[in-house]
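Here is the structure we will look at, set down as structure tokens.
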Amino acid sequence: LGSDEVTAAALESSEPDNVLKEKMPVLYWRQGLFFEHRKLFFMLRPLIEDFAGNTGVEVLASVGPNGRHLMGLIVDQIDKLIVEWYPGLEIVELGDRVSRVQVSIPCTQCLRMGNPYPVMFSFEDCAAQVRSRSSIKCPAHPEVESPLCDLVPELLLLDMPRKFFLDTDEVKSSRDDDSKLGEGGFGTVYRGQVNSRDVAIKTFSEKDTDEASAVFKELRKEVNILKRIDHPYLVGLVGVVLQPLQLVLELA
């Protein structure tokens, strides 16, 4: 797989099959969940102490379309619980925006190589790489990069139906003052076209890489809401472009 673009293979294989719709037994106990199927497994359990001495929650899921889809659902629920039940953990002001919740992802290549102490990537580093690459270099084996679709499938929206992904050349916009519709904290909205259809294009800012994780979380929240909307009086989702990061909506 190429390292300088989001690969079509990862997107084309993003559709889960019917295993997620089957009623299968789930093993659960007071502090965890475990599910195993011939096409999928996942585990949610407390992390007593990681390699750096941190405590928290560990989420494991199988690699592949089903695992990526399920990981997206689990991550969304965890984020929702933090916001609704523990809002003080979400953001703390220390001069800059610093999250008290640290997300670390073990290098999948280290795990495949049998390394008992895999390199841990930060969520922020992965988010910054997703803007322009499909993999990330690991210092333990720089010659073999780790695919971001396995590390952070939720950032690549790989649990979203394939029909919502747009190619860069499908989205046309002049991005000048005449076509500008509005501006917000995470980007600017322009008038544009997709396959000769008038649309509104929200282009997310790429100036501050430190805000990359916040940008992707904002995008994911919007997509999760908009993809369910199908009403003649509400603006619906047309699609998403990952590189550069753009959200395409119906033009009101």
Side-chain angles (χ1 to χ4, degrees), residues 1-15 63-65 68-69 71-72 75-76 103 105 107-109 121-138 144-176 179-181 183-197 199-224 226-227 237-250:
L1 299 179
S3 61
D4 294 323
E5 59 182 6
V6 175
T7 61
L11 296 179
E12 289 172 358
S13 62
S14 65
E15 298 285 4
V63 174
R68 294 167 186 163
H69 184 81
M71 180 63 78
V75 168
D76 287 343
V103 180
I105 306 101
C107 173
T108 52
Q109 294 295 346
F121 298 114
S122 72
F123 184 82
E124 289 74 17
D125 287 343
C126 290
Q129 293 293 316
V130 165
R131 287 175 174 265
S132 59
R133 298 172 59 83
S134 64
S135 59
I136 187 171
K137 287 185 178 181
C138 176
V144 182
E145 298 191 0
S146 296
L148 288 165
C149 62
D150 291 337
L151 296 172
V152 283
E154 70 276 16
L155 289 188
L156 290 169
L157 303 175
L158 293 182
D159 56 320
M160 189 174 75
R162 181 68 182 90
K163 66 180 181 179
F164 287 118
F165 287 99
L166 299 172
D167 293 330
T168 304
D169 56 5
E170 291 183 86
V171 182
K172 309 293 184 183
S173 176
S174 58
R175 297 192 189 183
D176 53 25
S179 61
K180 183 185 292 187
L181 298 175
E183 192 167 2
F186 289 107
T188 306
V189 181
Y190 296 96
R191 181 190 299 270
Q193 288 192 329
V194 172
N195 299 325
S196 301
R197 175 187 180 184
V199 295
I201 304 169
K202 183 175 183 178
T203 302
F204 290 85
S205 173
E206 298 187 5
K207 294 180 180 179
D208 191 354
T209 56
D210 293 336
E211 290 288 329
S213 60
V215 168
F216 275 100
K217 285 186 176 182
E218 179 68 16
L219 171 66
R220 185 170 179 82
K221 287 179 182 177
E222 292 190 40
V223 168
N224 278 334
L226 292 170
K227 72 180 183 181
L237 175 66
V238 176
V240 176
V241 179
L242 292 176
Q243 295 175 352
L245 194 60
Q246 297 176 315
L247 180 65
V248 184
L249 308 172
E250 294 174 345

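FYI, side chains are in, hydrogens and waters are out, and symmetry mates aren't considered; it's all heavy atoms of this structure.
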Are any of the side-chain heavy atoms of [X] and [Y] separated by less than 4.5 Å?
{"X": "E145", "Y": "Q109", "result": "no"}
{"X": "F165", "Y": "M160", "result": "yes"}
{"X": "R220", "Y": "D159", "result": "yes"}
{"X": "Y190", "Y": "Q246", "result": "no"}
{"X": "K180", "Y": "T188", "result": "yes"}
{"X": "L249", "Y": "L237", "result": "yes"}
{"X": "V130", "Y": "L156", "result": "yes"}

Exercise: identify the closest heavy-atom pair between [X] and [Y]:
{"X": "C149", "Y": "P153", "answer": "O-CB, 3.4 Å"}
{"X": "P244", "Y": "R175", "answer": "CG-NH2, 4.1 Å"}
{"X": "G192", "Y": "S173", "answer": "CA-CB, 4.2 Å"}
{"X": "V238", "Y": "F164", "answer": "O-CD2, 4.0 Å"}
{"X": "S135", "Y": "Q129", "answer": "O-OE1, 4.1 Å"}

### Task
From the options L148, T108, V103, L151, select the one residue that forms a side-chain contact (heavy atoms from CB on, under 4.5 Å) with F121.
L151
Could you grab the distance from atom [atom1] of [X] to atom [atom2] of [Y], nearest 0.5 Å is fine?
{"X": "L155", "Y": "L157", "atom1": "CG", "atom2": "CG", "answer": "8.0 Å"}
{"X": "T203", "Y": "E183", "atom1": "OG1", "atom2": "CD", "answer": "11.0 Å"}
{"X": "L166", "Y": "N195", "atom1": "CG", "atom2": "CG", "answer": "8.0 Å"}
{"X": "Q243", "Y": "S132", "atom1": "CD", "atom2": "OG", "answer": "6.5 Å"}
{"X": "L226", "Y": "E250", "atom1": "CG", "atom2": "CD", "answer": "9.5 Å"}
{"X": "Q193", "Y": "S174", "atom1": "CD", "atom2": "OG", "answer": "10.5 Å"}

### Task
Please say whether more than 12 non-hydrogen atoms of neighbouring residues, nucleotides or ligands are located less than 6.0 Å from NZ in K137.
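For K137, atom NZ is not crowded (no more than 12 foreign heavy atoms under 6.0 Å).
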### Query
Would D76 and K221 count as a salt bridge (Lys or Arg N to Asp or Glu O under 4.0 Å) if you check the C-alpha gap in whole Å, the side-chain angles of each, and the deciding distance to 0.1 Å?
CA-CA 9 Å; D76 287 343; K221 287 179 182 177; over 6 Å; no
